[in-house]
Amino acid sequence: MASGVQVADEVKQIFNVMKVVKNDDDENERIRIVQLWIDGEIKVENIYREKDLEGVDNVFKFIKDLMRPDQSRYFLYDCHFDTKESGRKEELIFMMWAPDNGPMKSRMQYASSKSAMCRVVQGVKHIFEMHDVEDMEPDSFAERLKHNVLRMEGHPLRGN
């Protein structure tokens, strides 16, 4: 069931920037995380570039902390991880955060508007639905990536 909520043009532009990373781009300006919310349409709430995360020890934990237990959100995440097979990988992930304990109306609105976002983020490597903080534990998140992940955002996983 679609909600009829539209995606703001700014979201489309940001996604296009995120999916095409050029070698000559300034690494500090690279967009790593975009937090999106519904306010009449799907809009950008926050953008975090590489330079904004400079003092952050664990980017993955930073994203997890953005996922509040009382509000649904969408996220675009430029995920960096290391695998056994090919070393460092960077993949773009679209996530819907709709916490089980959050307001039902909000969860339903985000779930029914997800298809509009999926049309915009075509070509994204992964689409995840998250409903519990356990979904954001590094080991379970890495398992969803379908790679033999050794490290997430520079931090070793428990199983390694």
Side-chain angles (χ1 to χ4, degrees), residues 2-82 88-99 102-103 105-133 135-138 140-142 144-145 147 149 151-155:
S3 68
V5 171
Q6 301 296 309
V7 179
D9 287 340
E10 180 187 20
V11 174
K12 298 171 187 176
Q13 293 164 354
I14 288 170
F15 173 69
N16 287 330
V17 168
M18 289 181 80
K19 74 179 181 178
V20 180
V21 176
K22 299 176 184 145
N23 288 337
D24 61 346
D25 285 348
D26 181 352
E27 188 66 27
N28 284 324
E29 293 299 321
R30 184 172 180 173
I31 299 171
R32 293 291 311 280
I33 305 162
V34 180
Q35 187 176 18
L36 306 166
W37 68 312
I38 298 176
D39 180 28
E41 64 182 353
I42 300 171
K43 298 178 180 180
V44 173
E45 184 174 13
N46 291 302
I47 298 174
Y48 300 95
R49 299 175 186 279
E50 191 69 46
K51 66 182 179 186
D52 301 323
L53 302 172
E54 225 168 71
V56 175
D57 176 53
N58 188 329
V59 173
F60 194 75
K61 183 180 180 319
F62 178 84
I63 296 168
K64 186 177 173 181
D65 290 344
L66 292 174
M67 296 179 167
R68 294 187 28 202
D70 61 340
Q71 63 182 203
S72 298
R73 291 292 185 263
Y74 297 125
F75 292 87
L76 289 171
Y77 171 35
D78 180 11
C79 181
H80 298 184
F81 57 94
D82 297 303
R88 184 171 172 85
K89 292 186 71 78
E90 300 172 356
E91 294 182 350
L92 195 52
I93 300 170
F94 169 64
M95 298 183 290
M96 180 185 82
W97 169 247
K105 183 177 178 182
S106 174
R107 291 189 342 224
M108 294 301 292
Q109 184 179 31
Y110 277 78
S112 64
S113 301
K114 180 180 155 200
S115 61
M117 272 302 298
C118 287
R119 284 191 296 277
V120 168
V121 298
Q122 287 184 357
V124 73
K125 196 71 170 179
H126 304 279
I127 298 173
F128 296 157
E129 283 190 25
M130 312 294 220
H131 301 284
D132 188 279
V133 289
D135 295 334
M136 281 302 290
E137 288 302 318
S140 66
F141 192 89
R144 295 175 98 175
L145 292 172
H147 297 288
V149 177
R151 299 165 67 82
M152 291 283 303
E153 297 292 347
H155 293 272

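Computed from heavy atoms alone, side chains included, the values below leave out hydrogens, waters and symmetry copies.
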Which residues share a ring-ring contact (aromatic ring centres under 6.0 Å, His included) with Tyr110, sequence neighbours left out:
Tyr74
Can you see which heavy atom on [X] is nearest to which on [Y], and at what distance?
X: Ala98; Y: His131; answer: O-ND1, 2.9 Å
X: Val7; Y: Ala116; answer: CG2-O, 3.7 Å
X: Arg107; Y: Pro99; answer: CD-O, 2.8 Å

Could you list the residues that satisfy salt bridge (Lys or Arg N to Asp or Glu O under 4.0 Å) with Asp135, not counting sequence neighbours?
none
Determine, stepwise, if the pair Lys64 / Leu66 fulfils side chain to side chain contact (heavy atoms under 4.5 Å, CB included).
CA-CA 5 Å; Lys64 186 177 173 181; Leu66 292 174; over 6 Å; no
Side chain to side chain, [X] and [Y], heavy atoms closer than 4.5 Å:
X: Leu145; Y: Met152; result: yes
X: Lys125; Y: Ile93; result: no
X: Phe15; Y: Leu92; result: yes
X: Val120; Y: Gln122; result: no
X: Met136; Y: Met130; result: yes
X: Met67; Y: Phe75; result: yes

Spacing of [atom1] belonging to [X] relative to [atom2] belonging to [Y], to within rounding of 0.5 Å:
X: Ile47; Y: Ile31; atom1: CD1; atom2: CD1; value: 5.5 Å
X: His126; Y: Phe141; atom1: NE2; atom2: CZ; value: 8.0 Å
X: Lys12; Y: Met117; atom1: NZ; atom2: CE; value: 10.0 Å
X: Glu153; Y: Phe62; atom1: CD; atom2: CZ; value: 11.5 Å
X: Glu50; Y: Asn28; atom1: CD; atom2: CG; value: 7.0 Å
X: Glu29; Y: Glu27; atom1: CD; atom2: CD; value: 10.5 Å

Is Arg144 positioned over the aromatic face of Phe128, cation under 6.0 angstrom from the ring centre and no more than 45 degrees off axis?
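The answer is yes; both the distance and angle limits are met.
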Inspect the contact between [Y] and [X] and indicate whether a charged nitrogen and a carboxylate oxygen are less than 4.0 angstrom apart.
X: Arg88; Y: Glu90; value: yes
X: Glu54; Y: Lys51; value: no
X: Asp82; Y: Lys89; value: no
X: Arg30; Y: Asp26; value: no

Could you give me the CA-CA distance, side-chain angles and deciding distance for Tyr77 and Met95, then say whether side chain to side chain contact (heavy atoms under 4.5 Å, CB included) is met?
CA-CA 8 Å; Tyr77 171 35; Met95 298 183 290; 3.9 Å; yes
When you measure from the side chain of [X] to the backbone N and O of [Y], does any donor-acceptor pair fall under 3.5 Å?
X: Ser106; Y: Pro103; result: no
X: Arg49; Y: Asp52; result: no
X: Trp97; Y: Pro69; result: no

Output all residues satisfying side chain to side chain donor-acceptor pair (under 3.5 Å) with Gln35, sequence neighbours left out; order by chain, then residue number.
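So Gln35 forms a side chain to side chain donor-acceptor pair (under 3.5 Å) with Asn46.
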Carefully, step by step, assess Val59 and Ile33 under the rule side chain to side chain contact (heavy atoms under 4.5 Å, CB included).
CA-CA 9 Å; Val59 173; Ile33 305 162; 4.2 Å; yes
Neighbour count above 12 (heavy atom, 6.0 Å) for Lys19 NZ
yes
Side chain to side chain contact (heavy atoms under 4.5 Å, CB included) evaluation trace for Arg32 with Leu53:
CA-CA 9 Å; Arg32 293 291 311 280; Leu53 302 172; 3.8 Å; yes
